Amino acid sequence: MAESVQELLINGEELPEKYIHKDGDGGVLDVPLMEVPVVDLSLLASSLTSREELEKLRSALSSWGCFQAINHGITSSFLDKVREVTKQFFALPVGEKQKYSREVDEIEGYGNDMILSAQQILDWSDRLYLTVNPEDQRRLKFWPEIPQDFRDLLHDYTFKIKMINEVVLKAMARSLNLEDNCFLDQYGKRPTMTARFNYYPKCPRPDLVLGVKPHADGSAITILLQDKEVEGLQFQKDNQWNKVPIIPEALLINVGDQVEIMSNGIFESPVHRVVTNSERERISLAVFCIPEPEKEIQPVDGLVNKSRPRLYKKVKNYVDIYFQNYQQGKRPIDAAKI
Ligand code: OGA
Ligand code: NI
């Protein structure tokens with residue numbers, strides 16, 4: 001098994017070449033703060049949706065591809081517990097975490113950045129990657145037994161995130177004056193949800209090393225629980241990086257490539273990255289909400305017309321397409337464009 005970033009630090013090794021962005025495109029912490037809208041999900045959930053809140057959502061998604069969600073139904077103390085078990089897991093001795101190690105050529109489990117190609121520059125992060133939905137696809141051998149409440153918390157968190165996914169997808173449709181279920185129906189009956197726990201150790205050279213290199217997500221939407229104290233996530237807009245402010249009680253929700261396809265490009269899947277920090281470590285938890293693999297997705301009818309022709313093909317199993325293209329250093333969404 002490849003050495004985790006954490007071990008590399010514990011062993012006091014020099015910064016390995018394979019983490020260094022030589023083109024000078026390392027991280028810059030000091031970038032403008034994003035003015036991304038804060039959307040109150042409780043105003044979107046009911047049949048008495050606030051038109052103003054819907055408009056905020058629509059405008060956030062068409063300009064940034066993301067928004068901060070508040071009043072999402074998960075209490076701050078629950079979010080804190082999830083952050084806490086995440087920290088506790090990564091703080092376990094290396095040998096304990098290795099019980100959950102990813103196997104060769106597999107995504108699930110504990111490990112560092114997956115190596116998909118020889119030229120790849122590695123991300124300065126260790127991860128625990130788990131399928132959380134459908135329940136019968138969970139592989140419990142990768143689910144930590146310590147901390148003790150990890151499994152129960154993740155189970156409950158998954159349930160709550162599933163609700164949020166539905167509220168957001170329906171509201172997205174409504175914000176475009178479409179029928180409520182037009183996006184959600186494309187998920188199929190057994191959508192996939194995967195949880196990626198991210199741990200970003202302190203890094204001696206944030207100017208040369210990234211926590212996660214620039215990418216857009218292959219999901220329909222991604223729901224991110226950020227570290228409560230340490231910033232790091234940045235989104236690109238008009239060739240400029242902007243950092244996401246921390247709102248402790250909020251979840252950051254961004255659209256992924258599959259909503260870009262379903263919305264016929266009206267909501268674009270934003271490019272984002274994570275910078276490293278020499279003073280402080282950071283954690284986060286991303287849940288990727290993904291249509292059932294065999295379900296075909298495509299631009300919804302109401303968004304294709306004379307003035308806006310269809311821009312994307314019908315695709316299924318987009319996550320596979322995503323990894324194949326990513327591996328070749330291509331932007332995966334281009335493979336779905338007509
Ligand atoms: C991701 C991601 C952001 C973060 O896991 O795809 O973009 O803040 N994570 O960890
Ligand atoms: Ni991402």
Side-chain angles (χ1 to χ4, degrees), residues 5-6 27-29 31 33-34 36 61 64-69 79 82-83 86-87 89-90 102 107-114 116 120-132 157 161 192-203 206 209-237 241-248 250-260 267-277 280-290 318-319 322-323 325-326 331-333:
V5 176
Q6 191 178 29
V28 180
L29 288 145
V31 298
L33 206 60
M34 262 168 89
V36 54
L61 290 181
W64 288 103
C66 68
F67 64 98
Q68 302 259 25
L79 294 181
V82 175
R83 290 183 178 107
T86 306
K87 285 188 184 153
F89 172 74
F90 287 107
R102 186 177 73 211
I107 296 182
E108 252 190 294
Y110 167 72
N112 59 346
D113 194 9
M114 254 208 318
L116 296 167
Q120 182 179 338
I121 300 173
L122 295 187
D123 290 343
W124 190 260
S125 73
D126 296 332
R127 297 167 186 155
L128 174 67
Y129 199 101
L130 301 170
T131 297
V132 293
Y157 188 66
I161 292 288
T192 306
M193 287 166 58
T194 56
R196 182 163 123 171
F197 296 80
N198 299 300
Y199 171 59
Y200 304 100
K202 285 187 217 171
C203 176
V209 177
L210 287 171
V212 184
K213 57 187 131 342
H215 68 284
D217 294 342
S219 56
I221 65 169
T222 304
I223 303 179
L224 182 79
L225 175 63
Q226 287 207 82
D227 196 292
K228 212 172 164 173
E229 288 163 4
V230 186
E231 289 172 350
L233 179 59
Q234 303 183 345
F235 282 77
Q236 196 174 41
K237 186 169 147 71
W241 289 105
N242 304 271
K243 65 181 172 190
V244 179
I246 294 173
I247 304 177
L251 292 165
L252 182 93
I253 302 184
N254 68 271
V255 306
D257 291 356
Q258 302 202 52
V259 158
E260 177 168 332
F267 298 147
E268 279 177 316
S269 171
V271 173
H272 53 285
R273 68 177 187 181
V274 177
V275 296
T276 50
N277 188 312
R280 306 200 58 185
E281 52 185 41
R282 176 175 183 269
I283 52 110
S284 69
L285 168 57
V287 177
F288 302 102
C289 303
I290 302 167
Y318 183 77
V319 175
Y322 183 88
F323 281 113
N325 282 274
Y326 192 77
R331 183 93 210 258
I333 191 69

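It should be emphasised that the depicted structure is a prediction, and the values quoted were computed from it without experimental measurement. When a ligand or atom number is given, it counts from 1 through the structure's own listing order.
No donor-acceptor pair under 3.5 Å is formed between the side chain of Gln226 and the backbone N or O of Ile246. Proximity of a side-chain donor or acceptor of Tyr318 to a complementary backbone N or O of Ile333 within less than 3.5 Å is detected.
At a heavy-atom distance under 4.0 Å, no atom of Thr222 approaches ligand 1. For Tyr129, no heavy-atom contact with ligand 1 is shorter than 4.0 Å.
Sorting the N, O or S atoms of Asp217 by how far they are from the Ni ion (ligand 2) puts OD1 first.
Distances from atom 7 (O) of ligand 1 to the heavy atoms of Arg127, His272, Glu231 put His272 nearest.
Of the charged side-chain nitrogens involved, at least one lies within less than 4.0 Å of a carboxylate oxygen, so that Lys213 and Asp113 count as a salt-bridged pair.
Between the NE2 atom of His272 and the NE2 atom of His215, the angle centred on the Ni ion (ligand 2) amounts to 90° when rounded to 10°.
A donor and an acceptor atom, one from each side chain of Arg127 and Ser125, are located under 3.5 Å apart.
The aromatic rings of Tyr110 and Phe90 are tilted relative to each other, their planes meeting at an angle between 30° and 60°. Between Tyr326 and Tyr322, the ring planes lie parallel to each other; the angle is under 30°, not in the 30° to 60° tilted range.
Tested against Phe267 for a side-chain contact (heavy atoms from CB on, under 4.5 Å), the candidates Leu61, Ile221, Asn254 yield a single pass: Leu61.
Distances shorter than 4.0 angstrom occur between a heavy atom of Arg282 and an atom of ligand 1. Under a 4.0 angstrom heavy-atom cut-off, Val274 registers as being in contact with ligand 1.
Every atom of ligand 1 with a heavy atom of Asp217 under 4.0 Å away is listed here by number and element: 6 (O). Set against the non-hydrogen atoms of Tyr200, the atoms of ligand 1 under 4.0 Å away are 4 (C), 9 (N), 10 (O). Ligand-side atoms of ligand 1 in range of Leu224: 4 (C), 8 (O), range being under 4.0 angstrom from any heavy atom.
Closest non-hydrogen pair, Ser269 versus Asp217, comes out as OG-O, 3.7 Å.
At the top of the distance list for atom 1 (C) of ligand 1, counting protein heavy atoms only, stands Arg196 NH2, 3.7 Å. Closest to atom 6 (O) of ligand 1 among all protein heavy atoms lies His215 NE2, 3.1 Å.
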